[in-house]
Amino acid sequence: MKLSNPQADIFVPGGAAAPEQALARVTHLCLGAHQDDIEIMAHAGISDCLETPGKAFGGVVVTNGAGSPRTGPYAHLTDEQMQGVRRDEQRKAAVLGRYAIQLQLAHPSSVVKTPGHAGVAADLATIFGGCRPEVVYLHNPADKHDTHVAVLLRCLEALRALPADRRPRRVLGCEVWRDLDWMVDTDKVALDAGRFPDLALELLKVFDSQVTGGKRYDLATMGRRSAHATYHTSHATDKVTGITWAMDLTPLLSDSSLSLEAFTLGYLKRLQDDVQGRIRRFA
Ligand SMILES: [Zn+2]
């Protein structure tokens, strides 16, 4: 497998298969901007693959994780050393979650923000061309992290460049920075993130360089899943113990003329109508 950046990391946990073979097995594919995004977004997909024989999870981290804050035992590390730490943490997550393959493309964040960047496009074409996933987990377009939205856009460009019969059947935009509880209920896709709770916590804690220093992404992510499970309907009892909300991005593939901006603003309009309608009903 050829990836464009010399720093890119191709990792097959267990090393039993060639990367091309491991990628070809992937049925649930998640592409995130940074190390740890996959484990925050796609625990439901990781769980599906652990539960179902024949299913295989693949993880892709698009950036090199440079410029992350560092404290405590990591305070003295250079940016390059820190990138190595984060790469190793992501590999550990891939082992814990029994991923079929973990790819880290190692692109600088600035490069990912460039529309049509040749290296990013080539890597994503290699990945999407090398597997036939049933479901692809991406960032959602209402995320408030610039790099997350840029990675989503690059992924959509690559997916739209595939022949129609090679496109995944389902593409979901998942929550990391800014959750998706604000969507109206009929727009929400509920991903069951309450399975394998011990593993879920381990998969978040493995990113020690991010959690150390007080950013408790592990506790926050578990808490968010739990809160979503309780607050999703006011009358029903909790059927699942953890939910990750997702936006169904599949219409963007079936209709290539649909802009991501117009598609996303539709969700905001439906939220506005919902809020306005309730106030007006009781005013
Ligand atoms: Zn991120």
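Order of appearance sets the numbers: ligands from 1, and atoms from 1 within every ligand.
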Item to check | Pairing residues for Arg225 by the side-chain hydrogen bond (donor to acceptor under 3.5 Å, both in side chains) criterion, not counting sequence neighbours | outcome: none

Next on the checklist: Please tell me whether Met183 and Leu268 are part of a single hydrophobic cluster in this structure, the criterion being side-chain heavy atoms less than 4.5 Å apart.
Outcome noted: yes

Item to check | Linked hydrophobic residues, Val189 as query - side chain contacts closer than 4.5 Å | outcome: Val135, Tyr137, Leu172, Leu191

Checklist entry - Hey, are Glu89 and Ser209 close enough side-chain-wise for a donor-acceptor pair under 3.5 Å? => result yes

Checklist outcome for this item: Residue pairs meeting side-chain hydrogen bond (donor to acceptor under 3.5 Å, both in side chains), one or both in residues 9-36, sequence neighbours left out, come to Asp9-Arg91, His34-Asp37, His34-His148, Gln35-Gln104

Checklist outcome for this item: A correct count of protein N/O/S atoms found below 2.8 Å of the Zn ion (ligand 1) gives 4

Item to check | Charged N-O contact under 4.0 Å between Arg195 and Asp192 | outcome: yes

